[in-house]
Amino acid sequence: MENWNETADPIISQLVSVLLKSCRDSNQRAQGLIAECIGELGAVDPGRLELLTNNPKEERAKFHSSIEDDNFAVGLINEVVKAFLAAPESRMQDCAAYALQELLKIYHISKPSDDDKTSGKLWTRFPEHVQQILVPLLSSKYIVNKKSDFSQLTKPIYCSNEKTRKFQDWANIWTSYLSSKVKNEKAHEVFQACGALIKHVVSLALYILPYVVLQVVVGGTQEEIVEISEEIKEVLNQTRKTDNKNRPISNSHHLSAQTVFSVLDYLVKWKRFQAQKAPVSYPGKGKPGYLTDPQYVAVTGFLEMIPQNLLADACHACKAYTRALMHLEHFLTSKGQNLQDHLDFMQKLYGDMDEPDGVYGVASIRQAQPTVMEEILAHESLGHHHDSQACYEKAIQSEADDVTYHQGLLKSLLEIGQETQALLHATGAISERPDWSSQLSSYMVEAAWKLGDWQKLETFLESNKSTQSWPVGIGKILIGAKNKREEQFVEQLRVVRCEQIGPLSAASMESGSYLRGYEYIVRLHMLNEIEESCRCLLGIRNTENESERTSTAEQLLRQWETRFQTVQCSFRTQEPLLALRRTLFTLVQRLTNLDLDQEIGRWWLSSARIARK
């Protein structure tokens, strides 16, 4: 990017699109490598990218309204071929071969012949290397001996036992179970052909799940339709419960909730497609025909079974704020809803979206006196942290037993660089309420590493080994670097990267995923800078020669300056990067003879500039 005010080079946009799509790979080793690549590219401002995932025309072209669609057949076979080529063991490859064999029969796909020129219509749409895989399967004789038995399956399936708490197992079981309920003969054959492979390849389960749900909704019994709605509501409730407890939402909940969102999105698109292909109706001619179509009515009725407020809560828990706002608006337009009763949640959403105008718009239509929390949201959205801190202190005095006010105050103090005060407040709160230790420890860890107080950092980490969060992960990485424990440093980097890729892989399932997952992309950017600086400047796997380190430092600074110019221009994005760089260079100065005060001072000035904007 030669001009930072212009769109990024198309190759950058293509790389980002491919990496986001690859996040869905269930292989942990692959996910780790993808996280490294994203961090290496950096957190490029979403406004500078022309992402393929944001192209509405491409989204429409990819939409398949039924399993009869030739495009669906080609897409499904290509997915199975990918699984065939990536199979790590012969059993999985046999399952993929069986699926391909059956799909070729069902869709009457064969090599073109002189006698029947229509037979090769779909065959020619496959690349040559895929055709070579398919040729032997035109005459193969694979069979499946064992059929799945779902008679003992507990419903709702999600989190009903230890196995179904894992996203991949839940997705595979639910898709297989629903496939057995499909009544349409051809659809049933297609899904059953993939049944053996679905148990091993979650990406295939996710590919066909929306089509399976559609088939059951339009052709299943009322009991089966209710079962699907209950399953979806269970996933959404579990996701919402996690958020209410102020704990980081697990990767499994993220992915499961996003799977549900994708299924519902497909059904909404299917309805839109049915309306678009219907004949144009004229005034006075009565209702359009599609509105009375039994399938359209069935899908509409099913979507109405999923509460919009529940969807909004679950989306908020997954940090899908734009989607949450959409569902909240749908909920508010339904009958009998009083807008005033839901202004708190709406204001919180606008605050999380960094939309101060939205926050103030909500405040202007509020009829009741604002609560302390609503005042805090208004102050924080405009960056008036001192005012929000005064409100937090007032709330703590009136509701001393509520830890969330302490957490809010600590977060605010850390955001404006008052680490010492944050540390004192957290220490005092824990001395009065030791049971809050696990809920406040991550703030103490963050304050310690930002201050460069390595002794306190080690003490906090040692006393809270079970706590897992982004600040704690950074603290463990920095301690590994400080002590030059290569194994600990590398392992902690791997663990923290994997923690970021989970939510990112969930976000990547939908259009606009880059913006929604930008927080995690910034974190991967930060992890890359930790790794680069520690390897170059602290001698981890590097030379001990000081002159070589100095030249490396100059190169590193030029690279960092370039990376910084490409990130989103906002305090929320830039300040954490600058704070981390100051911490890293303070650590380097402590452990080496390099004089880096000038750079540290320059980053303090940069923080002051962006804070004034």
Side-chain angles (χ1 to χ4, degrees), residues 236-237 239-249 307-334 336-416 418 421-422 425-426 428-430 432-433 435-436 439-440 442-443 571-572:
L236 299 176
N237 274 315
T239 306
R240 181 173 66 170
K241 282 179 192 173
T242 307
D243 188 47
N244 289 342
K245 291 178 181 175
N246 290 305
R247 293 199 308 249
I249 185 170
Q308 292 291 322
N309 59 328
L310 177 57
L311 279 164
D313 286 342
C315 291
H316 182 259
C318 294
K319 300 189 177 182
Y321 302 127
T322 308
R323 181 187 280 274
L325 188 59
M326 176 189 73
H327 288 299
L328 179 62
E329 288 172 351
H330 285 321
F331 175 68
L332 292 174
T333 54
S334 59
Q337 299 304 327
N338 184 356
L339 176 62
Q340 295 294 321
D341 295 338
H342 304 282
L343 290 180
D344 291 358
F345 183 44
M346 186 180 284
Q347 191 173 40
K348 192 171 189 334
L349 273 177
Y350 280 122
D352 290 330
M353 292 166 69
D354 201 11
E355 291 282 356
D357 290 344
V359 173
Y360 266 80
V362 172
S364 67
I365 62 171
R366 189 186 302 280
Q367 295 172 357
Q369 187 70 19
T371 63
V372 173
M373 202 64 222
E374 288 154 9
E375 288 180 5
I376 288 169
L377 278 171
H379 292 314
E380 287 183 339
S381 67
L382 281 181
H384 297 164
H385 289 283
H386 290 292
D387 292 333
S388 68
Q389 286 165 22
C391 290
Y392 275 124
E393 286 167 0
K394 179 182 173 184
I396 288 168
Q397 288 173 3
S398 59
E399 297 182 54
D401 291 333
D402 192 340
V403 71
T404 56
Y405 293 124
H406 291 274
Q407 291 173 320
L409 177 58
L410 290 169
K411 184 181 176 185
S412 180
L413 290 169
L414 289 169
E415 279 184 357
I416 60 171
Q418 295 185 8
Q421 194 173 338
H425 181 86
I430 290 173
E432 289 183 17
R433 292 289 300 269
D435 55 313
W436 286 352
Q439 292 160 291
L440 301 181
S442 64
Y443 299 98
F571 183 83
R572 280 190 179 187

**Q** After noting the C-alpha distance and the side-chain angles of Ile416 and His386, does the key distance pass the side chain to side chain contact (heavy atoms under 4.5 Å, CB included) rule?
**A** CA-CA 9 Å; Ile416 60 171; His386 290 292; 4.1 Å; yes

**Q** Just wondering, do Tyr360 and Gln347 contact through their side chains at under 4.5 Å, heavy atoms?
**A** no

**Q** Heavy-atom distance under 4.5 Å between the side chains of Asp344 and Met373, does that happen here?
**A** no

**Q** Measuring from atom CG of Leu311 to atom CD of Gln308, what distance do you get when rounded to the nearest 0.5 angstrom?
**A** 5.5 Å

**Q** Closest heavy-atom contact between Ile365 and Gln340?
**A** O-NE2, 2.9 Å

**Q** Is there a donor-acceptor contact under 3.5 Å from the side chain of Ser412 to the main chain of Leu409?
**A** no

**Q** How about Val362 and Glu374: do any of their side-chain heavy atoms sit closer than 4.5 Å?
**A** no

**Q** So, for Ala422 and Leu410, which heavy atoms are closest and what is the spacing to 0.1 Å?
**A** O-CD2, 3.2 Å

**Q** Does a side-chain heavy-atom distance below 4.5 Å link Gln367 with Leu339?
**A** no

**Q** Can you tell me how far CG of Leu332 sits from NE2 of His327, rounded to the nearest 0.5 angstrom?
**A** 13.0 Å

**Q** State the CD-CD1 distance between Gln389 and Ile376, to the nearest 0.5 angstrom.
**A** 10.5 Å

**Q** Can you tell me how far CE of Met326 sits from CZ of Arg323, rounded to the nearest 0.5 angstrom?
**A** 5.5 Å

**Q** Mind checking whether Lys319 and Asp352 have side chains closer than 4.5 Å, heavy atoms only?
**A** no

**Q** Check the orientation of His406 and Trp436. Use parallel for under 30°, tilted for 30 to 60°, and perpendicular for over 60°.
**A** tilted

**Q** State, with a plain yes or no, whether a side-chain heavy atom of Glu355 is found less than 4.5 Å away from one of Leu325.
**A** no

**Q** Rounded to the nearest 0.5 Å, how far apart are CD of Glu380 and NZ of Lys411?
**A** 7.0 Å

**Q** Quick one: closest heavy-atom pair of Cys318 and Thr239, and the distance?
**A** SG-CG2, 3.7 Å

**Q** At their closest point, which heavy atom of Ala395 faces which heavy atom of Val372, and how far apart are they?
**A** CB-CG1, 3.8 Å

**Q** Under the side chain to side chain contact (heavy atoms under 4.5 Å, CB included) criterion, do Asp313 and Phe345 qualify, and how do the steps go?
**A** CA-CA 9 Å; Asp313 286 342; Phe345 183 44; 3.7 Å; yes

**Q** Verify side chain to side chain contact (heavy atoms under 4.5 Å, CB included) between Lys348 and His316, making sure each step is shown before the conclusion.
**A** CA-CA 10 Å; Lys348 192 171 189 334; His316 182 259; 3.8 Å; yes

**Q** What is the ring orientation for His379 with His384, classed by angle as parallel under 30°, tilted 30 to 60°, or perpendicular over 60°?
**A** tilted

**Q** Taking all heavy atoms of Tyr392 and all of Tyr405, pick out the closest pair and write down the distance.
**A** CD2-O, 3.5 Å

**Q** So Arg433 and Asp401, do their side chains get closer than 4.5 Å, heavy atoms only?
**A** yes

**Q** Would you name the heavy atoms of Leu349 and Ala324 that are closest together and state the gap between them?
**A** CD2-CB, 3.7 Å

